[in-house]
Amino acid sequence: DADGRYLEIAPTNPPALYRLDASMLGGRLHDFFPAAQADEFVSAIRQALASGQSQTLDYQVEIGDQTVWFAATLSPMGPERVFLIARDITWRKQSEQALRDSETHLRTLFDSAPISIWEEDFSAVKTSLDELPASARADLDSYLRENPQVVADCVALVKVLDVNQANAEAVAKEIGG
């Protein structure tokens with residue numbers, strides 16, 4: 001309800017629940033979750049009731065010796081009750097963290113490499129070449145030799161997305177002296 005009381009529990013996967021027993025009925029979220037987390041739930045419940053719209057909330061709990069993530073959808077059921085469905089999204093959260101870690105690692109390698117590295121986007125070049133007549137694409141090497149302006153146009157289509165520090169230093173050194 002709007003005060004965060006458990007009125008009914010209908011488990012579909014009891015082993016994956018944070019806690020499940022009859023003593024929870026009538027209890028408040030603040031009785032079972034840390035205050036900040038319970039406050040988040042109560043806020044989402046009140047938003048769902050006030051707006052008449054479902055609310056979503058990701059939260060984590062410790063179950064045994066593991067951190068388990070859930071995605072909760074709170075849907076209003078009348079003026080004073082919500083129906084909460086929670087799905088285990090631990091795998092998704094772990095994957096997102098692994099991706100962030102990998103991106104950080106690759107960014108560190110990119111930034112600290114002692115050689116010049118450029119990240120470039122050639123997708124517009126591919127689109128341009130795909131639009132050439134089939135006869136030109138059949139012998140692209142000859143076509144480009146006979147049409148150097150197409151090569152120049154393609155070069156202009158390349159987008160530089162990023163350069164590392166070694167490249168910036170090389171350019172500064174070349175400009176400065």
Side-chain angles (χ1 to χ4, degrees), residues 16 18 29-30 33-48 50-75 84-177:
Y18 172 59
L29 288 161
H30 286 84
F33 289 93
Q37 196 170 35
D39 288 344
E40 244 186 303
F41 272 109
V42 171
S43 176
I45 289 168
R46 290 179 179 163
Q47 279 185 292
S51 69
Q53 303 286 322
S54 294
Q55 302 294 313
T56 59
L57 176 69
D58 289 358
Y59 65 98
Q60 67 184 42
V61 294
E62 299 298 319
I63 299 178
D65 61 348
Q66 292 184 322
T67 299
V68 181
W69 279 91
F70 291 96
T73 302
L74 300 97
S75 302
L84 182 145
I85 297 174
R87 293 180 299 110
D88 183 340
I89 59 166
T90 305
W91 183 85
R92 185 186 88 197
K93 289 291 190 175
Q94 289 171 341
S95 296
E96 290 169 353
Q97 184 60 49
L99 179 60
R100 282 190 298 276
D101 293 347
S102 177
E103 288 171 343
T104 299
H105 177 70
L106 290 174
R107 171 53 59 186
T108 300
L109 290 174
F110 179 86
D111 288 341
S112 62
I115 60 170
S116 178
I117 300 174
W118 296 51
E119 180 183 2
E120 299 172 321
D121 178 358
F122 283 81
S123 58
V125 174
K126 182 183 181 326
T127 300
S128 178
L129 294 176
D130 287 345
E131 292 171 354
L132 292 174
S135 60
R137 285 181 283 136
D139 187 6
L140 188 59
D141 189 46
S142 296
Y143 179 80
L144 294 176
R145 281 194 186 126
E146 294 167 10
N147 298 281
Q149 185 57 45
V150 173
V151 174
D153 293 345
C154 286
V155 168
L157 294 173
V158 175
K159 292 180 187 171
V160 176
L161 302 177
D162 202 359
V163 296
N164 69 346
Q165 186 63 35
N167 184 68
E169 291 169 3
V171 169
K173 187 176 182 180
E174 190 172 310
I175 292 173

**Prompt:** Are the side chain of Glu40 and the backbone N or O of Asp58 linked by a donor-acceptor pair below 3.5 Å?
**Reply:**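 No, the answer is negative, given that no donor and acceptor are paired below the 3.5 Å cut-off.
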
**Request:** Search all heavy atoms of Leu157 against all heavy atoms of Ser128 and return the closest pair with its distance.
**Result:**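 In this case the closest contact between Leu157 and Ser128 is CD1-CB, 3.6 Å.
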
**Request:** Please work out which of the three classes, parallel, tilted or perpendicular, describes the rings of Tyr59 and Phe33, given edges at 30° and 60°.
**Result:**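 Perpendicular, since the angle between the ring planes exceeds 60°.
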
**Request:** Go through the structure and list residues passing side chain to side chain contact (heavy atoms under 4.5 Å, CB included) with Ala170, not counting sequence neighbours.
**Result:**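 Ala170 satisfies side chain to side chain contact (heavy atoms under 4.5 Å, CB included) with no other residue.
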
**Asked** Applying salt bridge (charged side-chain N to carboxylate O under 4.0 Å, His left out), which residue pairs with at least one partner in residues 100-115 are found, sequence neighbours left out?
**Response**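 Residue pairs passing salt bridge (charged side-chain N to carboxylate O under 4.0 Å, His left out), neighbours aside: Arg107-Asp111, Arg107-Asp162.
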
Rounded to the nearest 0.5 Å, how far does [atom2] of [Y] lie from [atom1] of [X]?
X: Ile85; Y: Thr56; atom1: CD1; atom2: OG1; value: 12.5 Å
X: Asp139; Y: Asp141; atom1: CG; atom2: CG; value: 6.5 Å
X: Gln97; Y: Arg92; atom1: CD; atom2: CZ; value: 13.0 Å
X: Leu144; Y: Leu132; atom1: CG; atom2: CG; value: 7.5 Å

**Request:** Take Gln47 and Leu74, measure what side chain to side chain contact (heavy atoms under 4.5 Å, CB included) needs, and give me the verdict at the end.
**Result:** CA-CA 9 Å; Gln47 279 185 292; Leu74 300 97; over 6 Å; no

**Prompt:** Looking at Glu169 and Lys173, does any basic side-chain N land under 4.0 Å from a carboxylate oxygen?
**Reply:**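 Answer for the salt bridge query: no.
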
**Sequence-distant partners of Tyr143, ring-ring contact (aromatic ring centres under 6.0 Å, His included), two or more places apart** =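 None.
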
**Request:** Tell me, with the steps shown, if Val171 and Val163 meet side chain to side chain contact (heavy atoms under 4.5 Å, CB included).
**Result:** CA-CA 11 Å; Val171 169; Val163 296; over 6 Å; no

**Heavy atoms of other groups near Arg87 CZ, more than 12 under 6.0 Å** =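 It does not: Arg87 CZ has 12 such atoms or fewer within range.
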
